[in-house]
Amino acid sequence: MKKLLFILLMCLPIAGMAKDKKDNTDPKYLAGAVTTIDGKVAFTNEINAPGLSKTDIFNQMLEWAKGRFKPDGKLYSQVSYSNKEDGTIAATAEEYMIFSSSALSLDRTRIYYQLLINTEDGKCKMLMTRIRYWYDEARDGGQKYTAEEWINDDMALNKKKTKLAPICGKFRRETIDLKDELFQSASAALGQKLLNNTPTTAQSVPMQTLQPATPVINASAELKEVGLEQLPANLNEIAAKGRITLTAANGEEIDIKAENWSGFGKMFNKNVSYLLIDQSRIAATALMEQSDTYKISFYTDNNTKASVVVECKKAMSQKMTADDLKSLNQNVDASKQYTMYIGEVTKTWMR
């Protein structure tokens with residue numbers, strides 16, 4: 001996830017935490033978690049950043065990569081290649097993965113890998129590959145393994161594929177966690193660039209103190225612009241009991257479900273909203289993919305006029321699997337694929 005998913009995991013207003021890192025039955029690490037390309041273990045990720053040019057994304061990713069991949073003592077990591085015209089960046093990495101640590105013992109391995117970044121207008125593609133390990137190096141030179149032979153399903157899972165194996169399993173688990181951390185960190189860096197490029201009139205409201213007095217919605221009154229902190233605290237209940245619409249800048253409007261609304265949050269000190277869209281909902285997906293700005297409107301009871309309207313500028317989007325969302329305690333259909341859309345809140349209105 002995660003994938004991008006550092007920016008989501010860091011900011012989502014969804015309660016709950018992922019399973020304990022040492023849970024060897026977590027589906028995140030089981031069958032299908034390690035992917036291959038042409039027989040080689042390879043993890044891929046795509047970060048969507050509408051509104052950013054190829055040059056913007058390249059410069060931000062190069063700055064991130066230079067900060068992430070640099071020599072550290074005996075470990076040598078570096079950005080080994082970059083081409084602004086092509087939009088490509090390559091980094092080679094050497095670092096430690098820690099399995100366990102105490103005052104009396106340290107269980108770790110060196111991991112080597114290559115990270116390739118390809119940038120284009122509005123998106124960034126990442127590939128982590130050529131993964132290998134040097135374990136127990138202090139004892140007779142240690143042992144060296146490749147990811148292809150050491151973290152595949154047959155080696156790193158039990159026969160029933162229901163849990164991680166005792167030895168190879170820890171390499172698989174930590175490698176997947178490292179992959180997630182890399183993609184999440186890159187997503188956060190790109191999200192920071194996008195928000196820095198976005199002018200806003202939104203108020204800076206500390207979300208953790210957003211506990212408004214019980215505002216009264218008057219369905220017959222005119223819409224008035226209000227601060228985010230003035231919106232009803234029970235907006236999720238309104239969403240569940242009433243109706244929600246999604247409106248594009250061109251006026252196209254569709255209904256969405258209460259389950260699509262994931263609430264407000266903070267991202268780099270800016271107010272953002274979250275929408276979770278099932279990718280099989282073609283109309284909703286198309287509207288969001290083609291819109292840079294949009295409105296989320298909440299209707300109470302059977303009223304024909306929206307009681308609350310949230311105007312947003314799309315900041316970024318991230319495709320998420322059901323397993324990604326279940327790790328956040330989200331009740332989702334495991335057979336479906338989802339996209340999380342993050343929008344900077346520019347205005348809020350209420351009757």
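Remember, predicted model here, so these are calculated numbers, not experimental data. Just so it is clear, the values below take in all heavy atoms, side chains as well, and ignore hydrogens, waters and symmetry mates.
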Can you confirm whether [X] sits close enough to [Y] that some side-chain heavy atom of one is under 4.5 Å from a side-chain heavy atom of the other?
X      : Y      : answer
Thr88  : Phe58  : no
Ile37  : Thr129 : no
Thr35  : Phe43  : yes
Tyr133 : Arg110 : no
Val345 : Val310 : yes
Ile296 : Cys312 : yes
Thr109 : Glu137 : no
Asp136 : Gln143 : yes

Identify the two heavy atoms, one from [X] and one from [Y], that lie closest to each other, and give their separation to 0.1 Å.
X      : Y      : answer
Leu178 : Arg68  : CD1-NH2, 3.7 Å
Arg172 : Ile151 : NH1-O, 2.8 Å
Val272 : Glu344 : CG1-CA, 4.1 Å
Ala165 : Met155 : CB-O, 3.7 Å
Leu127 : Thr44  : CD1-CG2, 3.7 Å
Gln60  : Ala189 : NE2-O, 2.8 Å

Evaluate Lys161 against Asp154 for salt bridge (Lys or Arg N to Asp or Glu O under 4.0 Å), listing each step before the verdict. CA-CA 8 Å; Lys161 304 296 188 285; Asp154 290 336; 3.7 Å; yes

Residue pair [X] / [Y], side-chain donor-acceptor N/O under 3.5 Å:
X      : Y      : value
Gln114 : Thr92  : no
Trp64  : Ser185 : yes
Asn303 : Ser307 : no
Thr247 : Glu253 : yes

Apply salt bridge (Lys or Arg N to Asp or Glu O under 4.0 Å) to Asp278 and Lys257, showing your working. CA-CA 10 Å; Asp278 171 8; Lys257 300 178 181 179; over 6 Å; no

Criterion ring pair (Phe, Tyr, Trp, His ring centres under 6.0 Å) on Tyr135 and Tyr145, from CA distance to verdict: CA-CA 8 Å; Tyr135 182 56; Tyr145 312 102; 7.2 Å; no

Are [Y] and [X] connected in a single hydrophobic cluster, I mean Ile/Leu/Val/Met/Phe/Trp/Tyr linked by side-chain heavy atoms less than 4.5 Å apart?
X      : Y      : answer
Val79  : Tyr81  : no
Leu75  : Trp134 : no
Trp150 : Tyr29  : yes
Leu287 : Ile256 : yes
Leu30  : Ile167 : yes

How many angstroms lie between [atom1] in [X] and [atom2] in [Y], if you round to the nearest 0.5 Å?
X      : Y      : atom1 : atom2 : value
Ser297 : Leu223 : OG    : CG    : 8.5 Å
Ser100 : Glu174 : OG    : CD    : 9.5 Å
Glu237 : Thr300 : CD    : OG1   : 13.0 Å
Asn59  : Ser53  : CG    : OG    : 8.0 Å
Met61  : Leu52  : CE    : CG    : 9.5 Å
Ile57  : Leu62  : CD1   : CG    : 13.5 Å

Hey, is Arg243 close enough to Asp255 for a salt bridge, meaning N to O under 4.0 Å? yes

Lys/Arg N to Asp/Glu carboxylate O, Lys170 vs Asp107, below 4.0 Å: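 Salt bridge present between Lys170 and Asp107.
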
Considering residues at least two apart in sequence or located in another chain, which fulfil the ring-ring contact (aromatic ring centres under 6.0 Å, His included) criterion with Tyr299? none

Residues at least two apart in sequence or cross-chain that pass ring-ring contact (aromatic ring centres under 6.0 Å, His included) with Phe298, listed by chain then number, are Trp261

Is the backbone N or O of Glu148 less than 3.5 Å from a side-chain atom of Asn152, with the two atoms forming a donor-acceptor pair by type?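 At least one qualifying donor-acceptor pair exists.
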
Under a 3.5 Å distance rule, please check whether Glu94 uses its side chain to pair with a backbone N or O of Tyr76 as donor and acceptor.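 At least one qualifying donor-acceptor pair exists.
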
Are Asp177 and Lys28 close enough, and set up right, to give a salt bridge (Lys or Arg N to Asp or Glu O under 4.0 Å), and what steps lead you there? CA-CA 10 Å; Asp177 285 348; Lys28 171 183 176 180; 3.2 Å; yes

Mind checking whether Tyr274 and Tyr341 have ring centres under 6.0 Å apart? no

Using the ring of Tyr113 (Phe, Tyr or Trp, six-membered ring only), decide whether Arg130 places NZ or CZ under 6.0 Å from its centre and within 45 degrees of its axis. no

